[in-house]
Amino acid sequence: MSERLLVCVGWPYANYFLHVGQAAGAYIPADIFVRYERLAGNEVVMVSGSDCHGTPITVTAEREGISPRDVVDRYHPKILETWEKLGITSWSIYTTTLTENHYATTQEIFLRLLERGYLEKRTADQLYDPEAERFLPDRYVEGTCPHCGYKEARGDQCDNCGKTLDAVELIEPRSRFTGATPVLRSSEHYFLMLTKFQDQLGEWLAKQTHWRRNVLNFSLGWITEGLQDRAITRDISWGVPVPVEGWDAKRIYVWFDAVIGYLSATREWAQNKGEPDDWKRFWLDPAAKQYYFIGKDNIPFHTIIWPAMLMGHGEYELPYEVAANQYVNFSAGQKQSKSKGTGTWVLELLERYSADTVRFYLTQIMPETADSEFREEELIRANNDILIATWGNLANRVISMIHRNFDGVVPATGELSPESVALIGDARATFATAGAEFHACHFRSGLQESLKLAQLANRYLDDRAPWKAVKTDREHAAETLATALNVINALKVLLHPVLPFSTAELHEDMALEGSIEDGGWAYAPVPGGTRLGGPRPLYVKIDTTAQAAGPA
RNA sequence: GGCAGGGUAGCUCAGCUGGUCAGAGCGCACGACUCAUAAUCGUGAGGUUCGAGGGUUCGAGCCCCUCCCCUGCUACCA
């Protein structure tokens with residue numbers, strides 16, 4: 001019984017390189033999930049794209065003296081390159097928010113909500129920079145803190161005393177763009193009437209007991225505090241135009257259009273393959289489950305705002321799972337942040353380490369329940385002492401022995417001994433346990449299950465010592481090596497979601513027909529008589545002595 | 001300030017609804033083995049008992065209260 005899944009992954013802003021936190025928090029887990037679910041025989045559509053609107057883009061554009069469009073043209077390809085090199089290649093579609101289809105879909109949702117009474121116009125006073133001729137977000141206003149007198153306080157918060165501020169409270173306020181003194185000017189905006197969804201959202205959230213505790217508690221906290229209507233337009237010129245007469249000077253708020261991206265991307269996917277209505281199977285059918293992979297900062301947008309928009313629209317299904325991860329912190333206790341310029345970029349890391357090494361380590365420290373810490377020494381240790389020692393070496397020692405003693409041809413076996421039967425039973429069982437963990441979005445423990453099997457196989461080899469047996473009892477050795485190879489073949493599949501590159505190489509070496517994907521999530525023995533390639537090391541050991549001088 | 005998550009062996013972390021819950025991996029020590037990328041396998045030391053202090057209970061990392069520390073969010077930066 002196959003399931004139909006829509007996997008939605010948070011849209012990265014196309015304003016910089018991707019950092020390790022984003023990879024470990026959203027993209028690698030989503031990729032593992034999709035690879036597993038497809039192996040398990042489920043139909044999966046995976047969508048995302050580069051978010052090309054929003055303040056981060058315009059800020060970068062101003063800083064670099066180029067247009068927002070130029071920023072996107074510069075960084076979107078870098079993101080695509082990152083996917084390619086890191087093996088995040090399960091996308092059904094990876095698009096951008098600049099497509100005609102996305103603009104049309106966003107405006108369609110906007111008008112639908114307007115028509116159904118879930119959007120309202122309101123006027124509010126906002127700070128305005130008369131020199132730059134633009135309204136100022138709170139963070140773009142600086143001044144003296146009314147509480148502690150700190151002169152560099154930002155409009156939303158004072159970094160010195162930590163108090164939350166309202167930009168109009170600042171003493172001697174100035175615009176961060178021009179230094180001009182902001183003036184109050186009234187501005188009209190559309191608001192999403194979240195208050196109208198208070199009860200409906202509360203009831204819906206209460207039923208999501210399968211969600212991670214922090215995701216659920218955080219969302220329920222918003223409900224308990226009471227939702228507030230939220231402005232979904234901005235006084236800017238970069239973004240999706242407001243589809244209402246006389247609103248040419250404003251644009252739709254980036255978060256409103258970004259979440260709609262999941263829907264518009266699914267439509268684009270369907271168009272691309274020539275079945276323009278196929279997206280409906282994922283949005284209109286309750287049998288299809290939506291999974292969202294995001295960082296924890298995006299939780300409210302996916303558990304409150306987007307569901308409210310969908311409820312307001314009235315026809316589409318709501319999220320099934322919101323697998324929000326915590327953050328990956330860095331040695332100095334600094335958070336990984338684009339704006340502060342700290343941290344390790346994925347592309348940079350991939351210049352020094354193989355994609356599978358990076359994926360392996362990031363899966364091990366995946367911040368599923370709590371923030372975790374990235375340390376380059378630990379990455380090296382995980383590669384050398386676990387990935388290679390437990391798994392890479394297992395494959396290598398067995399294939400080497402088959403080459404040395406059986407000319408590289410997998411020996412046929414007769415009746416198996418109890419130890420071999422037991423080990424194969426363990427391999428079969430691991431498909432069930434690791435699969436269940438992956439399906440539940442527990443990627444660390446899913447990986448652990450496979451590593452346990454590798455350890456059992458190593459133990460089995462030591463117990464049966466085929467290198468010794470081959471001299472006295474060739475059939476005993478043949479059984480051992482064939483069995484071990486079968487378990488390695490199982491591990492190749494079990495580890496494929498996490499380690500797609502090296503398991504594909506191993507698959508080639510086994511000279512089996514088709515791809516790993518064709519085989520599915522199940523134990524399958526390697527036929528006796530198969531001629532193996534290799535042996536070759538699947539992973540490169542990292543020299544720790546030479547590494548010391550490298551940048552952190 | 002408010003809200004959320006976290007503080008468990010040297011390190012990174014598991015511990016679901018309270019009763020083998022004091023654990024895993026790495027590191028370390030010792031032993032075995034030598035097929036393998038000096039990899040593997042076994043054994044063991046290590047936590048003054050799970051941030052501090054109270055409390056509930058027959059029984060608490062797991063529940064309640066207070067305090068300390070770390071991280072994030074606080075609605076216009078992942």
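Numbered from 1 within each chain, the chains take letters A, B, ... in sequence-line order.
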What protein N or O atoms touch nucleotides 28-33 of chain B N or O atoms at under 3.5 angstrom, if any, and at what distances?
none

Scan nucleotides 42-46 of chain B against the protein and return all N/O pairs shorter than 3.5 Å with their distances rounded to 0.1 Å.
from	atom 1	to	atom 2	distance (Å)
B:G42	OP1	A:Arg459	NE	2.6
B:G42	OP1	A:Arg459	NH2	2.7

Polar-atom pairs under 3.5 Å, protein N or O versus N or O of nucleotides 2-6 of chain B: list them with distances, or write none.
from	atom 1	to	atom 2	distance (Å)
B:G5	OP1	A:Asn217	ND2	2.6
B:G6	OP1	A:Arg213	NH2	3.4

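Of the candidates B:A36, B:C76, B:A78, B:A36 carries the atom nearest the A:Ser400 side chain, counting heavy atoms from C-beta on. Ranking B:C76, B:C41, B:U37 by closeness to the A:Asn458 side chain, first place goes to B:C41. Nearest to the side chain of A:Arg230, among B:G25, B:U37, B:C76, sits B:C76. Closest to the side chain of A:Trp255, out of B:G27, B:A78, B:G25, is B:A78.
By the salt bridge (Lys or Arg N to Asp or Glu O under 4.0 Å) test, A:Glu378 is found to be paired with A:Arg381, residues two or more places apart in sequence or in another chain being considered.
Around the CD atom of A:Glu475, the shell of radius 6.0 Å holds no more than 12 heavy atoms that belong to other residues, nucleotides or ligands.
Of the side-chain N and O atoms in A:Arg444, none sit less than 4.0 angstrom from OP1 or OP2 of B:U12. The shortest distance between the side-chain N/O atoms of A:Tyr16 and the OP1/OP2 oxygens of B:A78 is not below 4.0 Å.
Across residues 470-484 of chain A, not one residue has a non-hydrogen atom less than 4.0 Å from an atom of RNA chain B. Against RNA chain B, the stretch residues 390-398 of chain A makes heavy-atom approaches under 4.0 Å through A:Asn393, A:Asn396, A:Arg397.
Residue order along RNA chain B, read from the 5' end via each residue's closest nucleotide, puts A:Gln448 first among A:Leu461 and A:Gln448.
Ion pairing between a basic and an acidic side chain is recognised when a charged N comes within 4.0 Å of a carboxylate O; A:Glu479 and A:Arg464 show such pairing.
Between the C1' atoms of B:C28 and B:U12, the separation comes to 16 Å (whole Å).
Nucleic acid contact for A:Leu538: base, since at least one base atom lies under 4.0 Å from a heavy atom of the residue.
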